[in-house]
Amino acid sequence: MSEASDRGFPGLGDRLHQVQSGIADACRDAGRSSDEIDLIVVTKFHPVELVAALADLGVRDVGENRHQEAQAKAEQLAELDLRWHFVGQLQTKKARQAARYAHAIHSIDRERLVDAIADMEREIEVFIQVNLTEDPARGGAAPAELERLAEHVLRAPALHLRGVMAVAPLEEPAPAAFERLAGYSERVRAVAPGATAISAGMTHDYREAIAAGATHLRIGSAITGKRPEPR
Ligand SMILES: *Cc1c(COP(=O)(O)O)cnc(C)c1O
């Protein structure tokens, strides 16, 4: 909107507002209230200055998918009131470090990862990532493991299980994938009734995700613009 708040990132405010009204439209179409939706702006590979400019524009929730990059940005922007969401695959040996700055970890997909952070001294919100493909390299727990993993998270004192997370596969229409995810969310809620959140929906499929019940959207390039090459 105002060029002053774009702080060297032309169009950033306009794109943010476009996505916000796209979310409002999709909610209206789905008969949902936009109060049910948390927008997380995914800032991976972008400079820390872009995250600061987003904060100026009122963004509070930002997402990153690499521990080192996320840690450095969180440190540099520690004085801002930001909530860092870790959305990428997380190595077990990096988990405790990530859990120091992360408000939420969206990529919990195995018991060893839970065990690594179960006794942290601060509370961390977590989502169980479900793999919607047959390819184990995509990240996420196999659907058959969901209930057991959810019960494991419930026993971890530091972890607050919010719900499920997934990335829609490229090779399938998003509505079908998100419908499966809604079914997995129901299964997790059967063992963890408080785990009502669904983290799903990115630049190209957030409208479909809203229609299928998503509560946490992880949107990057529609707001930030094209991502620089990873360093
Ligand atoms: C990069 C990323 C996003 C955002 O992707 P866009 O297509 O740029 O919106 C969302 N979720 C995860 C897990 C990501 O890695």
Side-chain angles (χ1 to χ4, degrees), residues 9 11-12 14-23 26 37-48 50-51 53-54 57 59-71 73-74 82-91 94-95 98 102-110 113 124-133 135-141 162-175 177-178 181 184-185 197-231:
F9 298 95
L12 186 64
D14 286 341
R15 290 192 301 272
L16 175 64
H17 291 115
Q18 270 161 24
V19 168
Q20 284 166 337
S21 51
I23 292 170
I37 306 287
D38 283 352
L39 169 61
I40 299 157
V41 183
V42 178
T43 51
K44 63 188 185 205
F45 312 164
H46 286 284
V48 70
L50 179 135
V51 187
L54 284 166
L57 291 162
V59 169
R60 284 291 159 265
D61 291 276
V62 291
E64 289 284 334
N65 75 337
R66 293 177 168 201
H67 163 62
Q68 273 186 317
E69 181 181 342
Q71 182 180 48
K73 287 175 175 169
L82 289 169
R83 289 191 292 247
W84 295 88
H85 294 254
F86 195 86
V87 304
Q89 293 190 33
L90 186 55
Q91 290 178 274
K94 298 284 166 61
H103 165 78
I105 298 177
H106 291 238
S107 46
I108 297 292
D109 61 359
R110 57 198 188 276
L113 197 48
I124 303 126
E125 297 194 354
V126 298
F127 294 76
I128 294 178
Q129 183 177 356
V130 198
N131 189 347
L132 298 178
T133 76
D135 174 6
R138 295 288 186 90
R162 294 299 314 273
V164 293
M165 177 274 214
V167 176
L170 294 171
E171 54 280 350
E172 174 184 10
F178 289 144
L181 179 61
Y184 299 145
S185 165
I198 300 180
S199 167
M202 308 173 26
T203 288
H204 294 294
D205 57 18
Y206 74 84
R207 295 171 190 81
E208 291 87 347
I210 289 171
T215 60
H216 290 65
L217 311 176
R218 310 177 311 268
I219 301 183
S221 44
I223 296 170
T224 60
K226 193 176 178 301
R227 267 189 290 279
E229 290 299 313
R231 270 175 285 179

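As the structure lists them, so they are numbered: ligands from 1, and atoms in each ligand from 1.
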Return the closest protein heavy atom for [atom] as residue, atom name and distance.
| atom | answer |
| --- | --- |
| atom 11 (N) of ligand 1 | Arg218 NE, 2.9 Å |
| atom 15 (O) of ligand 1 | Lys44 NZ, 2.7 Å |
| atom 5 (O) of ligand 1 | Met202 CE, 3.5 Å |
| atom 9 (O) of ligand 1 | Thr203 OG1, 2.6 Å |

Numbered atoms and elements of ligand 1 in range of Ile219, under 4.0 angstrom, heavy atoms: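 Answer for ligand 1: 9 (O).
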So, does [X] use its side chain to make a donor-acceptor pair with the main chain of [Y] at under 3.5 Å?
| X | Y | value |
| --- | --- | --- |
| Glu69 | Phe45 | yes |
| Thr215 | Ile198 | yes |
| Ser21 | His17 | yes |

Please output the side-chain donor-acceptor pairs of residues 165-174 that fall under 3.5 Å, not counting sequence neighbours, one pair per line with the distance.
unit_1, atom_1, unit_2, atom_2, d
Glu171, OE1, Arg138, NH2, 3.4
Glu172, OE1, Arg180, NH2, 3.1
Glu172, OE2, Arg180, NH1, 2.6

By salt bridge (charged side-chain N to carboxylate O under 4.0 Å, His left out) - contacts of Asp109 (at least two apart):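 For Asp109, no residue satisfies salt bridge (charged side-chain N to carboxylate O under 4.0 Å, His left out) once neighbours in sequence are set aside.
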Ring centre gap for His46 and Phe9 strictly below 6.0 Å: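 Centroid distance His46-Phe9: not below 6.0 Å, so no.
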Under-4.0 Å heavy-atom contact with ligand 1, by part of His106 that carries it: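 Looking at His106 and ligand 1, no heavy atom falls under 4.0 Å.
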For ligand 1, the portion of Arg227 having any non-hydrogen atom under 4.0 Å away: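 Looking at Arg227 and ligand 1, just side chain atoms fall under 4.0 Å.
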Short N or O distance, Val87 and ligand 1, threshold 3.5 Å exclusive: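 In this structure, Val87 places no N or O atom under 3.5 Å from an N or O of ligand 1.
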Polar contact flag for Ser221 and ligand 1 (N/O pairs, less than 3.5 Å):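 Min N/O separation from ligand 1 is below 3.5 Å for Ser221.
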Side-chain touch Lys44/Arg66, heavy atoms, less than 4.5 angstrom: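 No, side chains not in contact.
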